[in-house]
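Starting from 1, each residue takes its place in the sequence as its number.
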Amino acid sequence: MYLDESLRRFEYVYPACGSSNSAVRLTPAELERASGCVGWVDVCKLPEMAQ
């Protein structure tokens with residue numbers, strides 16, 4: 001899994017919340033640790049090798 005760079009602008013993110021009573025509030029750094037992500041990407045930019 002990759003996380004999008006745009007998430008870093010928020011103080012808190014609410015991943016996978018289906019309703020207000022099932023939301024989890026995390027900082028982007030906490031999300032990074034909890035998700036075990038491979039890295040951060042900018043989905044608006046092409047990868048270096050594709051350009």
Determine yes or no for a side-chain-to-main-chain donor-acceptor pair under 3.5 angstrom, with E32 supplying the side chain and A29 the backbone.
no
Listed partners of S35 passing side chain to side chain donor-acceptor pair (under 3.5 Å), at least two apart:
none
Taking every non-hydrogen atom, the tightest pair across E30 and R25:
OE1-O, 4.3 Å
Donor-acceptor contact present, side-chain D42 to main-chain E5, <3.5 Å:
no
Stepwise side-chain contact (heavy atoms from CB on, under 4.5 Å) check, L31 with L7
CA-CA 10 Å; L31 177 61; L7 294 174; 4.1 Å; yes
Gap between atom OH of Y12 and atom OG1 of T27 - 0.5 Å precision:
7.5 Å
Please name the pair of heavy atoms, one in P28 and one in W40, separated by the smallest distance, quoted to 0.1 Å.
O-CZ2, 3.9 Å
Please report the closest heavy-atom contact between P15 and V24, naming both atoms and the distance.
CD-O, 3.2 Å
